[in-house]
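Before any comments, here is the structure.
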2 protein chains.
Amino acid sequence: MIKIRDLEYLDAIDIHRHFGRAAEACFVSQPTLSGQIMKLEEQLGLVLVERQTRKVMLTPAGERLVAEARNVLRAAQSFEASAKALLDPFSGDLHIGLIPTLAPYLLPHIMKDLNEKLPKINFYLHEDKTKNLLKSLDEGKLDLLILPWLDEMDKFDRYDLFEEPLVLATSNEHPLSAKKTVNLDQLTNYEILTLEDGHCLRDQALGFCFTAGAKEDHRFQATSLETLRYMVSSNMGITLLPQLATLNQTATNTINYIPFTDPKPNRQISLMLRTGYSRMECIRAVVSCVKGSMKGVI
Amino acid sequence: MIKIRDLEYLDAIDIHRHFGRAAEACFVSQPTLSGQIMKLEEQLGLVLVERQTRKVMLTPAGERLVAEARNVLRAAQSFEASAKALLDPFSGDLHIGLIPTLAPYLLPHIMKDLNEKLPKINFYLHEDKTKNLLKSLDEGKLDLLILPWLDEMDKFDRYDLFEEPLVLATSNEHPLSAKKTVNLDQLTNYEILTLEDGHCLRDQALGFCFTAGAKEDHRFQATSLETLRYMVSSNMGITLLPQLATLNQTATNTINYIPFTDPKPNRQISLMLRTGYSRMECIRAVVSCVKGSMKGVI
DNA sequence: ATTTGTAAATAGCTAAAACCTATCACATAA
DNA sequence: TTATGTGATAGGTTTTAGCTATTTACAAAT
């Protein structure tokens with residue numbers, strides 16, 4: 001394979017039409033440049049330079065190839081320029097994976113700060129279910145995940161962001177609706193509305209409910225938190241909702257959100273990385289930024 | 001400056017996601033490839049590869065740079081492909097310089113054969129006056145000239161193609177028009193129509209005429225051979241025309257072309273090259289092709 | 001014709017680096 | 001725990017890009 005340095009020599013010969021000055025421009029001695037050009041010619045089996053005693057010029061073949069050479073040099077310079085740009089750890093693209101029961105309620109709280117603190121980072125947001133996110137993270141399609149931590153994720157690095165309590169959602173007509181707080185034990189014998197299969201929130205909420213002696217309402221399954229909320233307000237039942245999904249609700253006073261007393265059901269929202277991920281400076285900035293944004297919110 | 005080989009290693013790592021197999025694909029040992037990748041990373045100050053025990057993948061920076069690297073590799077491959085194509089001595093471009101008093105009358109005789117014998121050569125034809133052609137040849141803008149040879153061209157290499165006689169052109173009414181042949185001496189005291197300054201034919205024709213005792217007709221100067229011919233047919237005078245310009249004339253029986261007896265005035269049409277020009281195989285083919293085409297014509 | 005000056009090629013050497021084999025360290029799987 | 005797969009490390013060899021000094025070639029000037 002040809003060498004980039006040789007192409008620089010060829011370029012310099014064409015520019016200066018003089019071995020000595022071309023060598024000077026390349027910061028090498030004249031014999032070095034002469035020798036390398038000769039080697040290149042030998043390697044290609046072509047005469048590239050027409051040597052006359054007081055004049056040097058490229059042969060037609062050399063003329064043609066110096067144009068090709070300049071394409072290579074341009075591409076190489078572009079490579080180096082990109083590398084230089086990437087040296088700034090706080091620039092580039094960041095693909096973030098989030099789950100549907102978190103993303104729409106979390107992002108409004110954090111994206112403004114992230115964009116301000118890391119203006120040279122392009123954030124790409126990917127919403128999917130936990131299982132798919134973990135696969136994408138593993139395959140390198142995503143750089144990081146923000147989701148409720150589960151035991152099965154221990155092969156990845158974990159940075160805790162905050163704990164999100166789950167609260168009880170009831171309609172105004174429900175027996176529990178008048179309470180200021182509620183204890184998990186009080187759910188005994190109630191049936192709980194749930195999300196459809198595949199949402200990790202479903203599994204977590206059911207976990208808490210089973211412990212408390214409550215059962216799943218098998219008649220309905222919601223496809224999203226918003227459907228679930230609509231079902232609650234329609235008096236179809238009660239459910240557990242993550243607290244972030246209960247904030248900034250525009251005039252939905254048909255629903256009561258009742259916090260739990262200890263032991264509070266909650267989920268640990270964490271940032272997950274492949275172990276050995278290279279851009280830790282950037283990640284640390286993201287972690288501290290998100291923590292800062294969520295302080296006071298939850 | 002980066003090295004192309006290193007970019008190939010990076011490319012291979014991305015393709016195989018495995019140091020051993022990438023090394024195999026590059027025909028080097030695994031430690032060699034590992035080492036070179038590490039050096040590249042050190043040189044750029046970037047981690048390009050995420051090394052996990054059983055899995056290798058590129059970091060976001062590596063992902064970005066491997067795309068750049070492939071641009072470089074593509075350009076380099078294009079360079080080598082071009083070089084290979086240029087290895088065929090009978091391919092490529094050939095810029096030919098010709099003078100206006102020869103080109104339009106010579107080309108119809110030679111171009112068909114040239115294109116057939118050298119189908120992979122692209123011929124570019126440049127018509128200009130001798131002085132400019134010599135400058136362009138010297139500067140490398142032209143590969144070869146086809147023109148009447150003159151003493152002052154001895155710094156270039158010369159390949160004789162054919163001798164072109166000059167003939168006397170008269171109108172039907174001119175005293176000399178009845179003759180089958182004419183001798184230069186018979187031009188004594190006639191005035192000769194000439195081309196404008198700068199055409200080498202003008203100088204050559206005048207040379208013959210002065211020797212013969214004829215003078216220039218200063219009242220008119222033609223800008224081209226065709227104007228000159230028109231002036232002759234209009235009975236404005238007589239002139240010397242190169243023989244090629246008298247062939248294949250469509251029904252111009254108002255002009256007589258009279259050959260000279262010995263010593264015949266003529267011009268030596270030669271192919272001129274810079275000494276040291278590299279594509280001699282191609283040139284020899286051109287010379288023999290042109291000679292062949294002109295055999296019998298002149 | 002001889003001298004002079006310029007520029008490229010050649011000779012001979014040095015140092016860098018690309019590459020090799022052999023081995024180590026470590027994580028995963030059996 | 002052991003076996004296996006995989007990348008990193010160690011140490012040595014060969015290649016080559018680079019240097020300085022010199023020679024060769026030729027054009028221009030004397």
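Only heavy atoms go into these numbers, but all of them, side chains included; no hydrogens, no water, no symmetry mates. In what follows, chains are A, B, ... by sequence order, proteins preceding strands, each numbered from 1.
A salt bridge does not link A:Lys84 with A:Glu80: none of the charged nitrogens is closer than 4.0 Å to a carboxylate oxygen. Salt bridge annotation for A:Glu8-A:Arg5: present, with a cationic side-chain nitrogen under 4.0 angstrom from a carboxylate oxygen. Taking 4.0 Å as the cut-off between side-chain N and carboxylate O, A:Asp93 and B:Arg64 do not count as a salt-bridged pair.
With B:Thr101 as the partner, the side chain to side chain donor-acceptor pair (under 3.5 Å) test is satisfied by one option alone out of B:Arg267, B:Gln204, B:Lys129: B:Arg267.
Rounded to whole angstrom, the span from the CD atom of B:Glu42 across to the P atom of C:dA18 amounts to 12 Å. Rounded to whole Å, the distance from CG on A:Asp154 to C1' on C:dT28 is 15 Å. Straight-line distance from the CG atom of A:Asp6 to the C1' atom of D:dT16: 11 Å, rounded to whole Å. Between B:Glu50 atom CD and D:dG7 atom P the separation is 14 Å, expressed in whole Å. Rounded to whole Å, the distance from CZ on B:Phe19 to P on C:dC19 is 15 Å. One can place CD of B:Gln43 at 10 Å from P of C:dA17, the figure rounded to the nearest angstrom. In this structure, the OH atom of A:Tyr9 is 15 Å from the P atom of D:dT16, given to the nearest Å. Between B:Phe27 atom CZ and C:dC20 atom C1' there is a gap of 17 Å when expressed in whole angstrom units.
A:Lys155 has no side-chain polar atom (N or O) that falls below the 4.0 Å cut-off from OP1 or OP2 of C:dT28. Dashed line: the shortest gap from a side-chain N or O of A:Arg51 to OP1 or OP2 of D:dA25 is not under 4.0 Å. A sub-4.0 Å separation between OP1 or OP2 of D:dT16 and a side-chain N or O of A:Arg5 is absent. Regarding contacts with the backbone of C:dT6, every side-chain N or O of A:His18 stays at 4.0 angstrom or more from both OP1 and OP2.
A 4.5 Å side-chain heavy-atom check between B:Ile283 and B:Tyr277 finds at least one atom pair inside the cut-off. At least one side-chain heavy atom of B:Arg274 sits less than 4.5 Å from a side-chain heavy atom of A:Met57.
Sorted by residue number, the members of residues 29-40 of chain B with any non-hydrogen atom under 4.0 Å from DNA chain C read B:Ser29, B:Pro31, B:Thr32, B:Gln36, B:Lys39.
Using bins of under 30°, 30° to 60° and over 60° for the plane-to-plane angle, the ring pair A:His126/A:His95 lands in the tilted bin.
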